[in-house]
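Remarks on the structure that follows.
Predicted model only: the values in this text are computed from it and were never measured. Start at 1 and go down the list; that is how both ligands and their atoms are numbered.
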Amino acid sequence: MSESTPAANWARSADLACSLCGARDTIVIIPSTLGRVSQGNWSPYACTSSGYGRHGPIVRCRQCGLVYANPRPANDEVLDLYNAVEDPLYVAERAGRILTFEHHLKPMEQFTGPATGRALLDVGAYTGIFVEIAAEHGWDAWGVDPSRWAVEQARQQGLQMVHGTLEEADFENRIFSVITLWDVIEHVTDPLSTLQAAWQQLEPGGTLIVHTMDLDSLFARLMGHRWPWFMEMHLTYFTRTSLQQMLEKAGFTVSWMGAQGRYLHAGYLASRITALIPLLGRPVEWFVSALRLSNLPVRINLGDLFTVYARKPQ
Ligand SMILES: [Zn+2]
């Protein structure tokens, strides 16, 4: 994996067509923080990489309003990077992710009904944490991911994983009742084609669940160009409106949208605060430990993450 992107690759992908409407008519709304784009260093796409604040130019389509990174490295290069991702830190943060996914699963089953052995596919499943939780709750749970390392990690735990992208992976004619995309749609090179592929893999009446960042949220508006989700591994920045439009274009009917947060253990959160602000964090760590609250789940939601439930019509 190369550390820098050759200028030619940036140039080749410049003036990318809008994934929602196909136009090539954009205006830059957030300038690049990489200096001259042709010399931008391209960090590996590790899931927990701290690339906050580093990104290329972010544009808005003047025809439909979709916001996306443009120019950016060529699609095959993006995929090569994901194929090569190895991210032991993600494995270390497993506990927090289990909490988050447990909390995602409950409202999901209120919508989809109980598992009863039905097939579920988690797209961008990575090391398979959601696949594992869904399987424990009775789903015939599958994952698909472009990272060979992550797929191998998941398979070693006995999980059902397919290597590749949703568009290209071979599911051997398997059709799913539920497909989930947790924090994935913002990473894919052509989100409309991903949603269309999800439509193909779903049974009629099946449910698609998409969780991503909300560019229209109050927190995003207050933060402006300092919104931490502006980072180079995020290729599309949805609003509730643009995601609904894209889902409808792919054939889905949107049933529900709402802000859903993430969960961390109080002990982990306190250690993160100490890393940022030791004077504040150390008393918090002492307090959490004295009261034996380390394993208490803490919900983090600044309102800038949202979930959409959509249905493939019968
Ligand atoms: Zn557009």
Subject >> Test of ring centre spacing under 6.0 Å for Phe238 and Phe306 >> reply: no

Original post:
What are the protein N, O or S atoms, given as residue plus atom name, that sit under 2.8 Å from the Zn ion (ligand 1)?
Top reply: Cys18 SG, Cys21 SG, Cys61 SG, Cys64 SG

Original post:
Does the separation of the ring centres of Phe130 and Trp182 fall below 6.0 angstrom?
Top reply: yes

Original post:
Is the Tyr309 ring parallel, tilted or perpendicular to the Phe111 ring (thresholds 30°, 60°)?
Top reply: tilted

Original post:
Which salt bridge (Lys or Arg N to Asp or Glu O under 4.0 Å) pairs, counting each pair once, include a residue from residues 240-253, with sequence neighbours left out?
Top reply: Asp214-Arg240

**OP:** Return the orientation label for the His234 and Tyr237 ring planes: parallel under 30°, perpendicular over 60°, tilted otherwise.
**Re:** perpendicular

Original post:
Quick one: CG on Asn70 to CD1 on Ile58, what's the gap to the nearest 0.5 Å?
Top reply: 11.0 Å

